[in-house]
Amino acid sequence: MSFSSDVKAELCKQSISRYAVALAEVYGALLYCNTFSAWEVRVITGNTAFAERLPKLVKKAFALNFDEISDAADKRRSFVITDRKKIEKIFAAYGYDANSVLSHHINLSVLEEADSASAFIRGAFLAGGSITNPAKGYHLELVTDHQSVSRETVSILQEMGFEPKTASRSGHYITYFKQSEIIEDLFTLLGAPISAMEIMSAKVEKDMRSAVNRRVNCDNANADKIVSAAFEQLEAIRRLDISALPEKLRETAQLRINNPEFSLADLAGLCNPPVTKSCMSHRLRKLASLAEEKGIE
């Protein structure tokens, strides 16, 4: 199952005992479903939990049953109402006249009761929403065929404290979020706290991996610098007569020859007695300087 399916399964565990909440959730589903017209209502879903929940919602909200429930393509289920009286009853519940509706708008008076707005968004997500796997990215979107509905959904979300973005794609209107924290808060409000926690966990894991990768890259870069510096130091030492060097420089040159992969701190610790990293750096620069003078001669 996809992460979207898991989220929808969790959302479908919400109680549908209250009429106003059921009415609002069906409203969101209808405005974000495949077809919601004066001639036909058709909801197609591949989510098993939503397929089980939808008939119960419609029964609770309108005391109606679907005219047809059948298998659609790709193991999806199709829920259809074509009975004119049933459609008129549904339209009337939302303040519409099925004989005169030209385009859909959200009747905000339907969403005035407590939890109705969040139920509406839950229904919209169940019917026309999706979210990417948080291990790959953060992108939640609601897709509808109705431009006014999309615009008004933005207003509802803003009233709930969220600031979505909008886009259009192939004649569809999209309301979306890309910030993980906002998606977490929205899912918690809609009734999917476990999914919200999974997004948080995925974000923590990605942050940890990024930190480890940065550390590894930094360590690799430092290792490259050590190797490059050691190579230059060895080249300089090879041009010198080590036996003629002062004791401390002779010791430093021999340590570098014997330990080409060691860092300055490592070499400093091998001195007898140990010296500071700064002191070791000074000695190696002195060896490089002597080698350069020898080359000039």
Side-chain angles (χ1 to χ4, degrees), residues 1-18 20-29 31-33 43 45-54 56-57 60 75-77 111 113-144 150 153-167 174-216:
M1 290 178 64
S2 68
F3 184 68
S4 271
S5 295
D6 291 341
V7 175
K8 291 180 181 182
E10 185 181 4
L11 290 174
C12 285
K13 294 177 181 178
Q14 292 293 301
S15 170
I16 54 175
S17 58
R18 289 175 54 204
V21 172
L23 186 69
E25 187 170 325
V26 176
Y27 199 16
L31 290 174
Y32 279 80
C33 74
V43 182
T45 180
N47 187 269
T48 301
F50 182 46
E52 294 175 354
R53 181 178 180 83
L54 184 59
K56 299 174 185 176
L57 284 168
K60 182 69 178 180
K75 299 181 179 180
R76 295 184 296 170
R77 299 282 284 171
L111 310 181
E113 292 201 26
D115 301 325
S116 291
S118 58
F120 175 88
I121 300 299
R122 181 168 60 247
F125 182 79
L126 289 171
S130 64
I131 182 171
T132 57
N133 186 331
K136 299 179 180 178
Y138 312 109
H139 183 89
L140 179 154
E141 65 179 34
L142 306 173
V143 183
T144 180
S150 180
T153 298
V154 169
S155 297
I156 292 170
L157 286 164
Q158 288 174 334
E159 286 293 323
M160 295 166 65
F162 301 96
E163 289 293 338
K165 297 182 182 296
T166 60
I174 302 161
T175 305
Y176 68 94
F177 296 99
K178 282 186 171 294
Q179 302 94 335
S180 62
E181 294 84 358
I182 293 178
I183 297 173
E184 291 161 14
D185 291 344
L186 180 61
F187 279 163
T188 300
L189 181 63
L190 298 186
I194 295 174
S195 297
M197 287 297 295
E198 289 184 20
I199 296 172
M200 294 180 198
S201 297
K203 185 173 185 295
V204 169
E205 184 176 347
K206 284 197 290 187
D207 288 346
M208 288 180 63
R209 286 182 177 177
S210 296
V212 169
N213 287 336
R214 286 195 298 271
R215 178 62 184 270
V216 169

Step by step, would you call Val154 with Gln158 a side chain to side chain contact (heavy atoms under 4.5 Å, CB included)?
CA-CA 6 Å; Val154 169; Gln158 288 174 334; 3.8 Å; yes

How many angstroms lie between [atom1] in [X] and [atom2] in [Y], if you round to the nearest 0.5 Å?
X	Y	atom1	atom2	value
Glu159	Leu111	CD	CG	11.5 Å
Ile131	Ile183	CD1	CD1	4.5 Å
Arg122	Cys12	CZ	SG	9.0 Å
Leu190	Ile121	CG	CD1	7.5 Å
Leu54	Leu126	CG	CG	9.0 Å

Q) Phe125 pairs by ring-ring contact (aromatic ring centres under 6.0 Å, His included) with which of Tyr32, Phe187, Phe50? A)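 Going through Tyr32, Phe187, Phe50 one by one, the ring-ring contact (aromatic ring centres under 6.0 Å, His included) with Phe125 is satisfied by Phe187 alone.
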
Search all heavy atoms of [X] against all heavy atoms of [Y] and return the closest pair with its distance.
X	Y	result
Leu140	Leu186	CD1-CD2, 4.3 Å
Ala29	Ala127	O-CB, 3.4 Å
Ile199	Ser180	CG2-CB, 4.1 Å
Gly46	Arg76	CA-CG, 3.6 Å

**Request:** Using side chain to side chain donor-acceptor pair (under 3.5 Å) as the criterion, point out the one residue from Arg53, Gln14, Arg18 that pairs with Glu25.
**Result:**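 When Arg53, Gln14, Arg18 are each tested with Glu25, the side chain to side chain donor-acceptor pair (under 3.5 Å) holds only for Arg53.
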
Would you sort out whether Ser118 and Met160 count as a side chain to side chain contact (heavy atoms under 4.5 Å, CB included), showing the intermediate values? CA-CA 8 Å; Ser118 58; Met160 295 166 65; 4.1 Å; yes

Exam field: side chain Lys60 to backbone Val21, donor-acceptor pair closer than 3.5 Å
no

**salt bridge (charged side-chain N to carboxylate O under 4.0 Å, His left out) assessment of Glu184 paired with Lys203** = CA-CA 11 Å; Glu184 291 161 14; Lys203 185 173 185 295; over 6 Å; no

Check your understanding: Would Tyr138 and Ile182 satisfy side chain to side chain contact (heavy atoms under 4.5 Å, CB included), going step by step from the backbone distance to the final call?
Key -> CA-CA 10 Å; Tyr138 312 109; Ile182 293 178; over 6 Å; no

**Request:** Give the ring-plane orientation class for His139 versus Tyr176, where under 30° counts as parallel, over 60° as perpendicular and anything between as tilted.
**Result:** parallel

Among Leu31, Leu142, Val143, Thr144, side chain to side chain contact (heavy atoms under 4.5 Å, CB included) partner for Ser150: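 For Ser150, the side chain to side chain contact (heavy atoms under 4.5 Å, CB included) test succeeds with only one of Leu31, Leu142, Val143, Thr144, which is Thr144.
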
Heavy atoms from other residues, nucleotides or ligands near CD of Gln179 exceed 12 (cutoff 6.0 Å) =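 More than 12 heavy atoms, drawn from other residues, nucleotides or ligands, come within 6.0 Å of this atom.
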
Near Met197 CE, under 6.0 Å, is it more than 12 heavy atoms from other residues, nucleotides or ligands?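 Result for CE/Met197: open.
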
**Min side-chain heavy-atom separation Met200-Pro134 under 4.5 Å** = no

